[in-house]
2 protein chains.
Amino acid sequence: MQDAKNVTITDSEWMVMRAIWTMGHATSRELIDAMNELEGWSASTTKTLLHRLIQKQAVAQHGGSRPFTYKPVVGEKESMAAAADDLFDHMCAMRAGSTIAGVIQSRELSRADIANLQAILAEKAKTAPEEVQCNCLPGDQTC
Amino acid sequence: MQDAKNVTITDSEWMVMRAIWTMGHATSRELIDAMNELEGWSASTTKTLLHRLIQKQAVAQHGGSRPFTYKPVVGEKESMAAAADDLFDHMCAMRAGSTIAGVIQSRELSRADIANLQAILAEKAKTAPEEVQCNCLPGDQTC
DNA sequence: CTTATTAGTTTACAACTGTAGTCACAATAA
DNA sequence: TTATTGTGACTACAGTTGTAAACTAATAAG
(Lines give C-alpha, C1' and ligand atoms only; values in the text may rest on other atoms or scores of the structure.)
Protein backbone atom coordinates (compact mmCIF):
# COMPACT_ATOMS: atom_id res chain seq x y z
CA MET A 1 0.00 0.00 0.00
CA GLN A 2 1.23 3.42 -0.88
CA ASP A 3 2.03 5.95 1.78
CA ALA A 4 -1.18 7.72 2.66
CA LYS A 5 0.78 10.69 3.99
CA ASN A 6 1.53 11.89 0.51
CA VAL A 7 -2.01 11.92 -0.78
CA THR A 8 -4.44 14.61 0.22
CA ILE A 9 -7.96 13.36 -0.08
CA THR A 10 -10.60 16.07 -0.14
CA ASP A 11 -13.95 15.90 1.62
CA SER A 12 -15.92 14.73 -1.40
CA GLU A 13 -13.25 12.25 -2.28
CA TRP A 14 -13.47 10.82 1.23
CA MET A 15 -17.05 9.84 0.59
CA VAL A 16 -16.01 7.84 -2.43
CA MET A 17 -13.10 6.29 -0.61
CA ARG A 18 -15.34 5.20 2.22
CA ALA A 19 -17.58 3.41 -0.22
CA ILE A 20 -14.63 1.74 -1.92
CA TRP A 21 -13.03 0.77 1.33
CA THR A 22 -16.24 -0.72 2.59
CA MET A 23 -16.99 -2.60 -0.60
CA GLY A 24 -13.38 -3.68 -0.94
CA HIS A 25 -13.58 -3.17 -4.69
CA ALA A 26 -16.31 -1.89 -6.94
CA THR A 27 -17.32 -1.03 -10.46
CA SER A 28 -18.05 2.54 -11.39
CA ARG A 29 -21.72 1.67 -11.64
CA GLU A 30 -21.78 0.45 -8.05
CA LEU A 31 -20.00 3.54 -6.88
CA ILE A 32 -22.23 5.83 -8.89
CA ASP A 33 -25.31 4.21 -7.41
CA ALA A 34 -23.96 4.30 -3.89
CA MET A 35 -22.96 7.93 -4.15
CA ASN A 36 -26.24 8.86 -5.68
CA GLU A 37 -28.10 7.25 -2.84
CA LEU A 38 -25.78 8.55 -0.13
CA GLU A 39 -25.13 12.06 -1.36
CA GLY A 40 -27.49 12.59 -4.24
CA TRP A 41 -24.63 13.09 -6.64
CA SER A 42 -24.99 12.82 -10.38
CA ALA A 43 -23.10 10.09 -12.18
CA SER A 44 -20.68 12.68 -13.54
CA THR A 45 -19.69 13.83 -10.13
CA THR A 46 -18.79 10.37 -8.95
CA LYS A 47 -16.89 9.71 -12.17
CA THR A 48 -14.86 12.87 -11.74
CA LEU A 49 -14.05 12.10 -8.16
CA LEU A 50 -13.09 8.57 -9.05
CA HIS A 51 -10.83 9.95 -11.72
CA ARG A 52 -9.13 12.34 -9.41
CA LEU A 53 -8.57 9.56 -6.93
CA ILE A 54 -6.94 7.49 -9.64
CA GLN A 55 -4.68 10.38 -10.56
CA LYS A 56 -3.75 10.80 -6.94
CA GLN A 57 -3.10 7.08 -6.85
CA ALA A 58 -5.46 6.57 -3.99
CA VAL A 59 -7.45 4.17 -6.14
CA ALA A 60 -6.42 1.87 -8.99
CA GLN A 61 -8.27 0.53 -11.99
CA HIS A 62 -8.20 -3.27 -12.32
CA GLY A 63 -9.29 -5.80 -14.92
CA GLY A 64 -8.27 -5.33 -18.52
CA SER A 65 -11.66 -5.01 -20.14
CA ARG A 66 -14.42 -2.47 -19.98
CA PRO A 67 -16.40 -2.64 -16.84
CA PHE A 68 -13.27 -1.99 -14.79
CA THR A 69 -12.98 -2.70 -11.12
CA TYR A 70 -11.69 -0.07 -8.76
CA LYS A 71 -9.71 -0.88 -5.67
CA PRO A 72 -8.17 1.24 -2.96
CA VAL A 73 -4.45 1.79 -3.12
CA VAL A 74 -4.22 3.59 0.20
CA GLY A 75 -5.51 1.91 3.32
CA GLU A 76 -8.40 3.25 5.31
CA LYS A 77 -6.63 3.10 8.65
CA GLU A 78 -3.52 4.83 7.32
CA SER A 79 -5.52 7.51 5.58
CA MET A 80 -7.54 8.22 8.67
CA ALA A 81 -4.43 8.33 10.79
CA ALA A 82 -2.82 10.73 8.33
CA ALA A 83 -5.87 12.98 8.31
CA ALA A 84 -6.04 13.02 12.07
CA ASP A 85 -2.35 13.72 12.42
CA ASP A 86 -2.66 16.49 9.93
CA LEU A 87 -5.40 18.07 11.99
CA PHE A 88 -3.53 17.85 15.26
CA ASP A 89 -0.37 19.15 13.64
CA HIS A 90 -2.18 22.40 12.99
CA MET A 91 -3.43 22.79 16.51
CA CYS A 92 -1.73 23.92 19.65
CA ALA A 93 0.06 20.95 21.21
CA MET A 94 -1.12 22.11 24.58
CA ARG A 95 -4.75 21.67 23.61
CA ALA A 96 -4.49 18.23 22.08
CA GLY A 97 -5.51 16.54 25.30
CA SER A 98 -8.75 18.40 25.75
CA THR A 99 -9.58 18.08 22.08
CA ILE A 100 -9.13 14.34 22.25
CA ALA A 101 -11.30 14.33 25.33
CA GLY A 102 -14.03 16.07 23.40
CA VAL A 103 -13.80 13.60 20.57
CA ILE A 104 -13.98 10.64 22.90
CA GLN A 105 -17.01 12.07 24.57
CA SER A 106 -18.87 12.72 21.37
CA ARG A 107 -18.15 9.44 19.57
CA GLU A 108 -19.52 5.99 20.03
CA LEU A 109 -16.82 3.58 21.07
CA SER A 110 -17.07 -0.15 21.57
CA ARG A 111 -15.97 -1.89 24.75
CA ALA A 112 -12.95 -3.17 22.89
CA ASP A 113 -12.05 0.33 21.69
CA ILE A 114 -12.27 1.63 25.23
CA ALA A 115 -10.19 -1.18 26.65
CA ASN A 116 -7.59 -0.53 23.98
CA LEU A 117 -7.49 3.17 24.71
CA GLN A 118 -7.19 2.46 28.42
CA ALA A 119 -4.26 0.19 27.82
CA ILE A 120 -2.53 2.77 25.67
CA LEU A 121 -3.10 5.47 28.23
CA ALA A 122 -1.82 3.33 31.08
CA GLU A 123 1.35 2.75 29.16
CA LYS A 124 1.67 6.37 28.19
CA ALA A 125 1.15 7.52 31.76
CA LYS A 126 4.47 5.98 32.72
CA THR A 127 6.46 8.52 30.78
CA ALA A 128 4.08 11.44 30.58
CA PRO A 129 5.43 14.93 31.25
CA GLU A 130 3.89 17.15 33.87
CA GLU A 131 3.11 19.84 31.31
CA VAL A 132 2.92 20.08 27.55
CA GLN A 133 4.26 23.29 26.10
CA CYS A 134 2.24 25.55 23.82
CA ASN A 135 3.89 25.62 20.40
CA CYS A 136 1.88 28.36 18.75
CA LEU A 137 4.45 31.11 18.78
CA PRO A 138 8.22 31.37 18.91
CA GLY A 139 9.32 31.35 22.52
CA ASP A 140 7.45 29.78 25.41
CA GLN A 141 3.93 30.93 25.87
CA THR A 142 0.77 29.60 27.34
CA CYS A 143 -2.33 29.78 25.30
CA MET B 1 -18.39 33.82 21.88
CA GLN B 2 -19.90 32.97 18.57
CA ASP B 3 -20.58 29.42 17.60
CA ALA B 4 -17.41 28.02 16.11
CA LYS B 5 -19.44 25.37 14.28
CA ASN B 6 -20.55 27.88 11.68
CA VAL B 7 -17.16 29.21 10.75
CA THR B 8 -14.80 27.22 8.59
CA ILE B 9 -11.26 28.25 9.29
CA THR B 10 -8.79 27.20 6.63
CA ASP B 11 -5.30 25.89 7.28
CA SER B 12 -3.54 29.21 6.79
CA GLU B 13 -6.13 30.99 8.81
CA TRP B 14 -5.53 28.55 11.65
CA MET B 15 -1.98 29.75 11.92
CA VAL B 16 -3.15 33.29 12.43
CA MET B 17 -5.80 32.22 14.89
CA ARG B 18 -3.26 30.33 16.93
CA ALA B 19 -1.16 33.44 17.22
CA ILE B 20 -4.14 35.56 18.20
CA TRP B 21 -5.40 33.01 20.66
CA THR B 22 -2.02 32.75 22.28
CA MET B 23 -1.46 36.48 22.44
CA GLY B 24 -5.02 37.07 23.58
CA HIS B 25 -5.17 40.18 21.41
CA ALA B 26 -2.72 41.73 19.02
CA THR B 27 -2.09 44.53 16.58
CA SER B 28 -1.62 43.76 12.94
CA ARG B 29 2.05 44.57 13.27
CA GLU B 30 2.49 41.95 15.95
CA LEU B 31 0.65 39.41 13.89
CA ILE B 32 2.58 40.27 10.76
CA ASP B 33 5.86 39.85 12.58
CA ALA B 34 4.83 36.61 14.22
CA MET B 35 3.60 35.13 10.95
CA ASN B 36 6.69 36.24 9.17
CA GLU B 37 8.87 34.55 11.72
CA LEU B 38 6.72 31.43 11.98
CA GLU B 39 5.77 30.87 8.37
CA GLY B 40 7.86 33.29 6.40
CA TRP B 41 4.77 35.05 5.12
CA SER B 42 4.84 38.52 3.63
CA ALA B 43 2.93 41.27 5.41
CA SER B 44 0.28 41.16 2.70
CA THR B 45 -0.47 37.55 3.32
CA THR B 46 -1.09 38.06 6.98
CA LYS B 47 -3.21 41.11 6.27
CA THR B 48 -5.36 39.17 3.85
CA LEU B 49 -5.85 36.32 6.24
CA LEU B 50 -6.68 38.67 9.05
CA HIS B 51 -9.23 40.29 6.81
CA ARG B 52 -10.84 37.06 5.87
CA LEU B 53 -11.04 36.10 9.51
CA ILE B 54 -12.77 39.37 10.27
CA GLN B 55 -15.25 38.74 7.49
CA LYS B 56 -15.91 35.29 8.84
CA GLN B 57 -16.33 36.89 12.24
CA ALA B 58 -13.71 34.70 13.77
CA VAL B 59 -11.79 37.81 14.78
CA ALA B 60 -12.95 41.33 15.62
CA GLN B 61 -11.30 44.70 15.32
CA HIS B 62 -11.19 46.71 18.57
CA GLY B 63 -10.19 50.23 19.61
CA GLY B 64 -11.54 53.21 17.73
CA SER B 65 -8.30 54.64 16.40
CA ARG B 66 -5.74 53.49 13.91
CA PRO B 67 -3.49 50.89 15.27
CA PHE B 68 -6.45 48.60 15.88
CA THR B 69 -6.36 45.64 18.17
CA TYR B 70 -7.59 42.29 17.00
CA LYS B 71 -9.24 39.80 19.28
CA PRO B 72 -10.63 36.34 18.75
CA VAL B 73 -14.37 36.05 18.50
CA VAL B 74 -14.42 32.27 18.42
CA GLY B 75 -12.78 30.33 21.21
CA GLU B 76 -9.80 28.10 20.66
CA LYS B 77 -11.25 25.11 22.45
CA GLU B 78 -14.56 25.33 20.59
CA SER B 79 -12.88 25.77 17.25
CA MET B 80 -10.63 22.82 17.82
CA ALA B 81 -13.55 20.70 18.94
CA ALA B 82 -15.49 21.72 15.85
CA ALA B 83 -12.59 20.88 13.56
CA ALA B 84 -12.08 17.52 15.21
CA ASP B 85 -15.77 16.69 15.05
CA ASP B 86 -15.82 17.67 11.44
CA LEU B 87 -12.99 15.28 10.72
CA PHE B 88 -14.55 12.37 12.54
CA ASP B 89 -17.91 13.04 10.93
CA HIS B 90 -16.34 12.25 7.59
CA MET B 91 -14.81 9.00 8.71
CA CYS B 92 -16.30 5.60 9.28
CA ALA B 93 -17.76 5.48 12.78
CA MET B 94 -16.37 2.01 13.17
CA ARG B 95 -12.83 3.27 12.81
CA ALA B 96 -13.04 6.18 15.21
CA GLY B 97 -11.64 4.14 18.07
CA SER B 98 -8.49 3.07 16.34
CA THR B 99 -7.96 6.52 14.90
CA ILE B 100 -8.20 8.05 18.34
CA ALA B 101 -5.76 5.43 19.54
CA GLY B 102 -3.31 6.51 16.89
CA VAL B 103 -3.65 10.13 17.84
CA ILE B 104 -3.12 9.42 21.50
CA GLN B 105 -0.03 7.45 20.72
CA SER B 106 1.50 10.10 18.53
CA ARG B 107 0.81 13.13 20.71
CA GLU B 108 2.40 14.38 23.86
CA LEU B 109 -0.07 14.40 26.70
CA SER B 110 0.44 15.66 30.22
CA ARG B 111 -0.29 13.57 33.30
CA ALA B 112 -3.39 15.65 33.85
CA ASP B 113 -4.57 15.07 30.29
CA ILE B 114 -4.12 11.36 30.70
CA ALA B 115 -5.92 11.25 34.01
CA ASN B 116 -8.75 13.19 32.47
CA LEU B 117 -9.01 10.84 29.52
CA GLN B 118 -8.93 7.86 31.84
CA ALA B 119 -11.79 9.27 33.86
CA ILE B 120 -13.82 9.93 30.74
CA LEU B 121 -13.18 6.45 29.44
CA ALA B 122 -14.07 4.82 32.72
CA GLU B 123 -17.37 6.63 32.66
CA LYS B 124 -17.97 5.82 29.02
CA ALA B 125 -17.20 2.16 29.57
CA LYS B 126 -20.33 1.83 31.67
CA THR B 127 -22.62 2.28 28.71
CA ALA B 128 -20.42 1.25 25.81
CA PRO B 129 -21.89 -1.00 23.14
CA GLU B 130 -20.25 -4.26 22.20
CA GLU B 131 -19.85 -3.16 18.59
CA VAL B 132 -19.99 0.09 16.66
CA GLN B 133 -21.62 -0.17 13.28
CA CYS B 134 -19.94 0.94 10.07
CA ASN B 135 -21.89 3.85 8.60
CA CYS B 136 -20.19 4.20 5.23
CA LEU B 137 -22.90 2.79 3.04
CA PRO B 138 -26.64 2.33 3.22
CA GLY B 139 -27.39 -0.93 4.96
CA ASP B 140 -25.18 -2.68 7.47
CA GLN B 141 -21.70 -3.39 6.34
CA THR B 142 -18.35 -3.93 7.89
CA CYS B 143 -15.46 -2.03 6.54
C1' DC C 1 2.00 72.09 7.03
C1' DT C 2 4.43 68.78 4.15
C1' DT C 3 6.43 64.44 3.92
C1' DA C 4 7.38 59.83 5.22
C1' DT C 5 5.67 55.76 7.34
C1' DT C 6 2.43 52.64 8.84
C1' DA C 7 -1.96 50.40 8.87
C1' DG C 8 -5.91 49.06 6.50
C1' DT C 9 -8.56 48.00 2.00
C1' DT C 10 -8.86 46.36 -2.80
C1' DT C 11 -7.46 43.83 -6.36
C1' DA C 12 -4.92 39.75 -8.44
C1' DC C 13 -4.18 35.35 -9.76
C1' DA C 14 -3.11 30.53 -10.03
C1' DA C 15 -4.26 26.06 -7.90
C1' DC C 16 -7.63 23.30 -5.91
C1' DT C 17 -12.65 21.81 -5.03
C1' DG C 18 -17.38 20.70 -5.69
C1' DT C 19 -20.40 19.78 -9.04
C1' DA C 20 -21.68 18.41 -13.52
C1' DG C 21 -22.18 18.36 -18.87
C1' DT C 22 -20.42 16.45 -23.25
C1' DC C 23 -17.75 13.52 -26.17
C1' DA C 24 -15.74 9.09 -27.68
C1' DC C 25 -15.33 4.46 -27.67
C1' DA C 26 -16.10 -0.41 -26.24
C1' DA C 27 -19.68 -3.96 -25.49
C1' DT C 28 -24.01 -5.61 -26.54
C1' DA C 29 -28.36 -6.23 -28.76
C1' DA C 30 -30.86 -6.27 -32.96
C1' DT D 1 -22.85 -5.21 -39.01
C1' DT D 2 -25.13 -1.59 -37.52
C1' DA D 3 -27.61 0.83 -33.82
C1' DT D 4 -27.68 1.40 -28.91
C1' DT D 5 -26.11 1.93 -24.60
C1' DG D 6 -23.06 1.67 -20.76
C1' DT D 7 -18.52 3.33 -19.26
C1' DG D 8 -14.66 5.95 -19.28
C1' DA D 9 -12.17 10.49 -20.75
C1' DC D 10 -12.25 15.32 -21.43
C1' DT D 11 -14.14 19.87 -20.66
C1' DA D 12 -16.49 23.44 -17.79
C1' DC D 13 -17.20 26.64 -14.43
C1' DA D 14 -18.01 29.05 -10.20
C1' DG D 15 -16.29 29.34 -5.48
C1' DT D 16 -12.42 28.77 -2.13
C1' DT D 17 -7.64 29.04 -0.67
C1' DG D 18 -2.80 30.41 -0.56
C1' DT D 19 -0.04 33.97 -1.56
C1' DA D 20 0.91 38.70 -2.48
C1' DA D 21 1.04 43.42 -4.97
C1' DA D 22 -1.05 47.91 -5.28
C1' DC D 23 -3.59 51.51 -3.55
C1' DT D 24 -5.52 54.63 0.07
C1' DA D 25 -6.07 56.73 4.38
C1' DA D 26 -4.23 57.92 8.90
C1' DT D 27 -0.46 59.16 11.83
C1' DA D 28 4.09 60.55 13.11
C1' DA D 29 8.28 63.15 12.00
C1' DG D 30 10.53 67.20 10.54
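To find a chain, count down the sequence lines: A is the first, B the second, and so on, and within it residues start at 1. Treat the numbers as computed from the prediction; the structure is a model and nothing was measured.
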A.B. asks: For Glu37(A), does the CD atom have more than 12 heavy-atom neighbours from other residues, nucleotides or ligands under 6.0 Å away?
C.D. replies: no
A.B. asks: Any carboxylate oxygen within less than 4.0 angstrom of a Lys/Arg side-chain nitrogen, looking at Asp113(A) and Arg95(B)?
C.D. replies: no
A.B. asks: Roughly how far apart are Met17(B) CE and Cys92(A) SG, rounded to 0.5 Å?
C.D. replies: 13.0 Å
A.B. asks: First and last nucleotide of DNA chain D in contact with chain A, 5' to 3', at under 4.0 Å to a heavy atom: what are they?
C.D. replies: dG6(D) to dA12(D)
A.B. asks: Find out whether Leu53(A) and Tyr70(A) are in side-chain contact, i.e. whether some heavy atom of one side chain is under 4.5 Å from a heavy atom of the other.
C.D. replies: no
A.B. asks: How does each nucleotide of nucleotides 9-24 of chain C score, in 5' to 3' order, for protein heavy atoms under 4.0 Å: base (B), sugar-phosphate only (S), or none (-)?
C.D. replies: B--B----SBBBB---
A.B. asks: Take Lys56(A) and Glu13(A), measure what salt bridge (Lys or Arg N to Asp or Glu O under 4.0 Å) needs, and give me the verdict at the end.
C.D. replies: CA-CA 11 Å; Lys56(A) 290 184 182 179; Glu13(A) 287 165 359; 2.7 Å; yes
A.B. asks: When rounded to the nearest 0.5 angstrom, what is the spacing between CD1 in Ile120(A) and CG in Leu117(B)?
C.D. replies: 11.5 Å
A.B. asks: If we fit an axis to the first five pairs and another to the last five of the helix from dC1(C)-dG30(D) to dA30(C)-dT1(D), what angle do they make, to the nearest 10°?
C.D. replies: 10°
A.B. asks: Give every donor-acceptor pair under 3.5 Å between a side-chain atom in residues 136-143 of chain B and any protein atom, sequence neighbours left out.
C.D. replies:
unit_1    : atom_1 : unit_2    : atom_2 : d
Gln141(B) : NE2    : Pro138(B) : O      : 3.4
Gln141(B) : NE2    : Gly139(B) : O      : 3.0

A.B. asks: What pairs of residues pass the ring-ring contact (aromatic ring centres under 6.0 Å, His included) test when at least one of them lies in residues 15-56 of chain A, not counting sequence neighbours?
C.D. replies: Trp14(A)-Trp21(A)
A.B. asks: For Arg111(A), enumerate each residue passing the salt bridge (Lys or Arg N to Asp or Glu O under 4.0 Å) test, keeping only those at least two apart in sequence or located in another chain.
C.D. replies: Glu130(B)
A.B. asks: Do Asn36(B) and Thr46(B) have a side chain donor and acceptor closer than 3.5 Å?
C.D. replies: no
A.B. asks: Atom CD1 of Ile32(B) and atom C1' of dA7(C): how far apart are they, to the nearest Å?
C.D. replies: 8 Å
